[in-house]
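Computed over heavy atoms, backbone and side chain alike; hydrogens, waters and symmetry mates excluded. Numbers restart at 1 for each chain; the letters A, B, ... are given by sequence-line order, proteins then strands.
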Number of protein chains: 2
Amino acid sequence: MDTSSLVDKVEANLVQLLVDRKLKIGDVIPTEIDLSKNLGVSRTVTREALLRLRMRGLIETKKKKGSVITSPDIFSIIGKSLDPHLLDQETLKEIFEMRLVLEIGMADFLFQNITAEHIKELKEIIKNEPDTSENYVFHIDHEIAFHGKLYEITGNQTLKKFQKLLLPVFDYVHNSGLLKKQATIKKFVSHKGLVDILENGSPELFRNAMRNHLENHFLRIFS
Amino acid sequence: MDTSSLVDKVEANLVQLLVDRKLKIGDVIPTEIDLSKNLGVSRTVTREALLRLRMRGLIETKKKKGSVITSPDIFSIIGKSLDPHLLDQETLKEIFEMRLVLEIGMADFLFQNITAEHIKELKEIIKNEPDTSENYVFHIDHEIAFHGKLYEITGNQTLKKFQKLLLPVFDYVHNSGLLKKQATIKKFVSHKGLVDILENGSPELFRNAMRNHLENHFLRIFS
DNA sequence: GTTAGCATTATGTTATACATAATACTACTA
DNA sequence: TAGTAGTATTATGTATAACATAATGCTAAC
């Protein structure tokens, strides 16, 4: 039995239309009323279907102008669904882990894209590194600045957006009681050490160094 | 200026309600009409807001019964937004790259969770490895089986779901003209080699081996 | 030629009515 | 008394009509 509602069908219909017609970004689609007529449904249904497309990032709607096709930015969409308060604890912990995976695994893309300019920027960030007496917030900001720059250097916008997305989750998990308390804050490979490797080392070296740099996080995950 | 529409406000309102009241999964929320009354908006607006929550996986709606709170599975949501045909080429390529990052970076989680049983399963998969004369499809299936098992072993469900999500994109990119043609299909570290390392090696060794194993993919990305 | 203001148009919002399906209740029958 | 058929109820699904609002484009006045 087909349990799908009218709106479901209209939505699928519209998506199919976008794919088939190979409509380009910026193309406008007919008005709600025209669509309603052509599809033989009420404006209400058409509106709900369009609303879904909008949520999926497939279209943008402007008053008077109508709807235009946009390139779906999946991450801005996910972002709205990623409120840490609404996710269960296990998922939160797993997302925390994913960040570690990404930062260790992206070494090759770093080395592929890095320029002298990037190195300079990284060194600039390090120079402003707060000392241990400073407020916790400064440390967080600095961490984000440094690691965020790394994502940027990969040249992979999707990766960068993903990181931006995971940031609040990461912070939330870090501060919540989800993970074990940090027993010993040992100093491992520093930011400066990472930059040195980026300048003179290799992806292999960087992966191991980054793994070491993140050791404190790993310690909190593994018993 | 506040450009947000009424629906935006109602949506935010409802989410806030869910968070504040700490409503549990399975709890029912008031009917559309009740909500409309309490929020002072029309039923249409309330409906649109609820539709958004539904799309975000926060609620499920049944006829007569009303809406109940559900645990949001972000990945089933993203899945619907991730039709390769609807993404632009650059994003597709970048998602392709993300897979490589993940598989290299997850070494530590593999070693942390792997059991003798896992090793046995991996060896079983390798045993059925199709030889080079076989159909392309068989190779793909085998690749998915092997690498999918790795994600599974990490014990990170989120990671596993993410991989499942990226599969169609990966396949799409692999077969489309987005990447350079594979010049030389050289043999690098094999699946068997990877399993050997999982059995007797270390995360460091595995990362390098996996990087090597994926060399053909990297070659297609880097000029 | 530029701008003020009006007309137009498509989305945003409200209100109302009916359709539909799932639940709850009632009454009838074995 | 138990079980079931059938009916009432209720909340979502869909349709229609009307007005609000804002952006666009046209027109006329300066």
- Query: Does B/His142 have any ring-ring contact (aromatic ring centres under 6.0 Å, His included) partners at least two apart in sequence or in another chain, and if so, which?
  - Reply: B/His191
- Query: First and last nucleotide of DNA chain D touching chain B, 5' to 3', heavy-atom cut-off 4.0 Å?
  - Reply: D/dT9 to D/dT14
- Message: According to salt bridge (charged side-chain N to carboxylate O under 4.0 Å, His left out), who are the partners of A/Lys160, at least two apart in sequence or on a separate chain?
- Response: none
- List in numerical order all residues of residues 45-54 of chain A for which some heavy atom is under 4.0 Å away from an atom belonging to DNA chain D. A/Val45
- Task: For B/Lys65, answer base if it contacts any base atom (sugar-phosphate contacts may also be present), sugar-phosphate if it contacts only those atoms, and nothing otherwise; contact means non-hydrogen atoms under 4.0 Å.
- Result: nothing
- By salt bridge (charged side-chain N to carboxylate O under 4.0 Å, His left out) - contacts of B/Lys149 (at least two apart): B/Glu121, B/Glu152
- Apply side chain to side chain donor-acceptor pair (under 3.5 Å) to B/Glu97 and list each qualifying residue two or more places apart in sequence or on a separate chain. A/Asn156, B/Lys93
- Task: Between A/Ser67 and A/Thr44, just flag the one whose closest nucleotide in DNA chain C comes earlier from the 5' side.
- Result: A/Ser67
- Query: A/Arg43 or A/Gly40: which one's nearest nucleotide on DNA chain D is closer to the 5' end?
  - Reply: A/Gly40
- Item | For atom CD1 of B/Ile33 and atom P of C/dT16, their distance in whole Å | 12 Å
- Note on the structure: Across all chains, not counting sequence neighbours, the ring-ring contact (aromatic ring centres under 6.0 Å, His included) partners of A/Phe111 are none
- Item | B/Glu32 CD - C/dT16 P separation (whole Å) | 16 Å
- Set of salt bridge (charged side-chain N to carboxylate O under 4.0 Å, His left out) partners for B/Glu60, sequence neighbours left out: none
- Decide, yes or no, whether a salt bridge links B/Lys120 with B/Glu124 under the criterion of side-chain N to carboxylate O below 4.0 Å. no
- Task: In whole angstrom, give the distance that lies between atom NZ of A/Lys64 and atom P of C/dA7.
- Result: 14 Å
- Task: Grab the CG-C1' distance between B/Leu39 and C/dT13 for me, whole Å please.
- Result: 15 Å
- Task: Round to a whole Å and report the spacing from NZ of B/Lys62 to P of C/dA22.
- Result: 9 Å
- Apply salt bridge (charged side-chain N to carboxylate O under 4.0 Å, His left out) to B/Glu11 and list each qualifying residue two or more places apart in sequence or on a separate chain. B/Arg52, B/Arg56
- Is the closest basic N to carboxylate O distance between A/Lys161 and B/Glu94 below 4.0 Å? no
